[in-house]
Amino acid sequence: MNVSATPSTASPAEQINAHLLHTVGVAPDRASPSDLMLATAQLARAQLSKRWVATQETERSQKARRVVYLSMEFLMGRTLSNALAALNLTEGAAKGLAQHAQNLEDIASQEPDAALGNGGLGRLAACFLDSMATLGLPSFGYGIRYEYGMFAQEIQQGSQMEHPDSWLKDGTPWEFPRADLTYPVRFGGWVAHVNDKAVWKHAGEVAAKAYDMVVPGHGTDKVSTLRLWKAVAPEHIDLGAFNTGDYARAACAKNEYENISWVLYPNDSTPAGRELRLKQEYFFVAASMQDLIKRHLDEHPTLNNLAEHVAIHLNDTHPAIGVAELMRILCDEHAFDWDRAWALCGKTFSYTNHTLMPEALETWPVSLLQHVLPRHLEIIFRINKEFLDHAARFRPGDQEFLKRLSLIDEVGERRVRMAHLSVVGSHQVNGVSALHSELLVHTIFSDFAALWPERFTNMTNGVTPRRWLAQANPGLSGLLDDTLGKAWRLDLTQLKRLEDRLDDAAFIEKFMVIKRANKVRLAHYIATTTGVQVSPDSLFDVQVKRIHEYKRQLLNVLHVVSRYQAILANPNAPWVPRTVIFAGKAASSYVAAKSIIRLIHDIGQTINNDPRVGDKLKLVFIPNYGVSVAEIIMPGADLSEQISTAGTEASGTGNMKLALNGALTIGTDDGANIEIRQQVGDENIFIFGLKTPEVRQLRVEGYHPLHHYQNNPALKAVLDAIGEGQFSPDEPERYRALVNSLVWGGDHYMLLADYASYVATQGQVDALYSQPASWSQRAIRNVAGMGVFSSDRTIGEYARDIWHIQPDNH
Ligand code: 26Q
């Protein structure tokens with residue numbers, strides 16, 4: 001038995017000093033901020049691993065039914081503050097750090113973000129892990145230990161530049177390498193069929209090595225696991241075994257294998273159909289399946305009862321190859337007959353869809369699958385055959401129906417539709433907001449819904465109140481604690497009780513003071529990162545999310561330019577001062593999105609330096625948006641921009657984080673905005689623009705953006721100014737293509753159709769903001785209505801209705 005170097009009776013301050021000495025290897029009085037971060041992390045790590053071991057022991061001994069959450073992305077952000085809060089060590093650690101003349105916030109900011117995701121889908125997975133641990137659900141997240149996560153964004157002369165994110169360069173205190181947990185993952189080759197048995201003669205093999213990250217629950221001793229896989233060359237590529245002549249070639253071969261887990265694909269909603277991406281998907285799925293099967297067989301004699309003990313969830317189609325992999329394992333390795341294996345599969349898998357946009361639906365060429373995963377392709381063909389036989393009995397003779405349902409798209413290069421594989425292989429399929437789930441069964445999955453109406457369901461997204469309120473907004477959290485007690489952290493519906501305070505002038509005043517302090521902090525951050533001074537007394541108008549045409553950052557820009565022109569035309573009108581804040585990354589190959597970033601900078605340059613404007617209007621772009629930057633922005637926002645074309649944003653989760661921190665939403669009737677409106681009431685949200693059926697109808701009837709351009713002089717003036725180069729005088733044609741794509745190019749996302757309604761609604765925003773107490777009362781009404789958007793509620797629903805797993809302590 002090891003004797004701990006830091007007995008748990010020692011105070012956090014003593015433990016930090018002990019870790020500085022024993023683990024970090026520095027004299028406590030010479031410790032740098034990053035040494036202190038590491039030592040504080042070690043303090044938390046030591047206590048978490050105790051809880052972790054205990055959690056695993058309980059789950060093993062109870063042979064608990066588990067959920068396995070498969071996701072290509074986990075956008076975790078930083079761990080230290082969250083871990084300390086879960087352990088009730090925040091105060092102790094802060095005191096310990098004070099002895100080194102440091103505060104916890106500065107020390108915590110030394111930790112790099114774990115940015116193993118692109119955006120909404122990856123952050124949702126991180127919020128879900130937090131809720132699963134907090135609800136005490138036996139749960140395991142599986143993903144990839146990317147060496148490089150989401151790229152770091154730098155702005156040079158107004159343009160986005162991407163830098164590799166080497167978050168592991170100094171190591172991370174939060175991972176536990178599991179040297180003993182390594183599985184082979186095979187690729188390529190061909191399939192032999194001997195006596196009715198398939199044997200996959202693979203061509204290559206890579207090892208998947210497990211690295212565990214702790215996921216602490218709050219208000220419980222439960223700790224869950226996020227297990228990430230790293231690709232390692234198999235033993236036979238042993239560099240030492242090569243003589244000098246072959247060494248370089250051997251090193252190259254090693255890279256061939258290890259590149260699988262090197263880098264996150266930095267695409268959001270626009271899949272890149274590359275072989276490496278397919279290998280990544282199969283790599284982590286194959287390793288995770290072997291691991292969960294091994295754990296099952298450690299506890300049970302056979303796989304017959306697998307479905308009773310594991311629920312496997314597919315976070316979008318990225319891990320969908322898992323359906324074929326489980327079939328392969330059962331049939332080829334465990335001698336199941338097809339029907340029995342298929343029945344088991346169907347009871348085990350469930351799938352969440354995160355997008356409706358046809359271009360974002362993942363498909364893989366049959367030829368590529370043949371090359372990389374030949375046995376899986378055979379299995380997919382067999383699944384398809386059996387499925388289409390079944391469907392044909394449902395609508396005899398309807399060949400078109402079968403073509404639409406097929407797992408194979410036969411038009412052009414034959415491709416496997418991963419969403420179809422996911423639907424066919426799962427017992428439940430859900431969308432991520434009420435509208436999105438409704439659209440799923442009426443659009444992309446309507447034929448499946450005709451076959452299996454009971455398979456489709458909704459699970460509206462949520463966010464963890466621990467990170468997005470307790471940690472990000474200590475000011476507001478303190479006020480909530482004083483007003484409601486502390487229970488809201490674990491039961492966010494407590495916020496409803498704020499409605500009793502809507503007419504309490506003293507409470508409103510406190511709320512306003514906190515918002516102002518958060519804005520001062522954000523203004524400092526803006527000054528440091530962009531050099532622009534903004535006034536905390538102006539309305540902070542915030543749009544933060546990936547840059548994408550459907551999210552319509554450009555519509556926001558059109559409003560900014562309209563306002564600028566109106567201010568110049570009428571400088572003495574009683575303008576409500578506004579600071580428009582953008583942040584977000586563009587996929588590196590997405591030309592239009594990058595052009596929007598540059599346009600924001602060009603316009604910002606002009607407006608921010610125009611002495612006629614002053615504080616009436618400022619436009620800033622905060623670089624390198626990510627989880628930690630969001631934690632600074634959310635609490636300081638007054639207005640939340642959620643302005644996607646109706647029917648395009650599956651849910652949104654930033655909309656929830658902003659409202660939870662007391663921002664009012666200006667948004668379209670889209671995604672979860674609709675449910676936010678239901679919770680806060682029509683008077684407390686600004687909804688504008690075409691609704692989903694109107695968008696659809698307009699597309700059918702024929703949409704003519706030119707008509708709006710010609711008939712709305714303000715809109716014409718804005719588009720002309722941008723298109724003629726008023727904001728890019730050194731290169732007047734810079735934005736011609738962008739503007740033409742709206743006026744002449746069809747304006748696919750209907751910005752021009754929604755412009756007038758948007759600008760008018762921004763006028764209502766001004767009017768309300770000029771009555772600060774009224775504004776704040778409505779902001780409080782928003783906070784009060786956010787209870788249902790806790791990811792605890794969402795996970796509770798998944799557990800009850802999809803996974804059939806009991807949370808233990810709720
Ligand atoms: C696929 C293949 C190859 C490369 C990249 C991809 C890929 C990667 C990420 C495709 C899509 C994504 C991400 C999608 C996403 O984040 N969707 C968002 O999910 C949120 C959580 O449900 C919703 O709130 C958002 O509305 C939705 O846009």
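Whatever order the structure lists them in is the order used to number ligands and atoms, beginning at 1. None of these values were measured; they are calculated from a predicted model. Numbering of residues begins at 1 and proceeds along the displayed sequence.
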Is [X] close enough to touch ligand 1? Criterion: a residue heavy atom under 4.0 Å from a ligand atom.
X    : value
W364 : no
N461 : yes
E73  : yes
H318 : yes
G671 : no

By number and element, which atoms of ligand 1 are closer than 4.0 Å to a non-hydrogen atom of [X]?
X    : answer
Y550 : 28 (O)
E362 : 2 (C)
A650 : 26 (O)

Original post:
Taking heavy atoms and a distance under 4.0 Å, where does V432 meet ligand 1: side chain, backbone, both or neither?
Top reply: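 It is the side chain that touches ligand 1; the backbone stays farther off.
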
**OP:** May I ask you to identify, for R546, whether its side chain, its backbone, both or neither come under 4.0 Å of ligand 1 on a heavy-atom basis?
**Re:**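 Contact part for R546 vs ligand 1: neither.
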
Original post:
With distance as the sole test, does N118 use its side chain to make a donor-acceptor pair with the main-chain N or O of Y265 at under 3.5 Å?
Top reply: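 Here the side-chain-to-backbone pair exists.
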
Original post:
How long is the span from the CD atom in Q543 to the CZ atom in F621, to the nearest 0.5 Å?
Top reply: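 Taking CD in Q543 and CZ in F621, the distance rounds to 10.5 Å.
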
Original post:
Taking the minimum heavy-atom distance to atom 17 (N) of ligand 1, which of M72, K545, E649, H354 ranks first?
Top reply: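 Shortest heavy-atom distance from atom 17 (N) of ligand 1: H354.
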
**OP:** Would you tell me which option among G119, G431, G652, G117 has the nearest heavy-atom contact to atom 23 (C) of ligand 1?
**Re:**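 Closest candidate by heavy-atom distance is G652.
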
Original post:
Can you check whether W229 and F284 have ring centres sitting under 6.0 Å from each other?
Top reply: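 Between W229 and F284, the centre distance exceeds or equals 6.0 Å.
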
Original post:
For the rings on H748 and Y550, is their centre-to-centre separation under 6.0 Å?
Top reply: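 Aromatic pair excluded; centres sit 6.0 Å or further apart.
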
Original post:
So does Y148 have more than 12 non-hydrogen atoms from other groups sitting under 6.0 Å from OH?
Top reply: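 Counting other residues, nucleotides and ligands, OH of Y148 stays at 12 neighbours or fewer.
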
Flag for [Y]-[X]: side-chain donor and acceptor within less than 3.5 Å:
X    : Y    : value
Y798 : N430 : yes
N458 : T460 : yes
N384 : S406 : yes

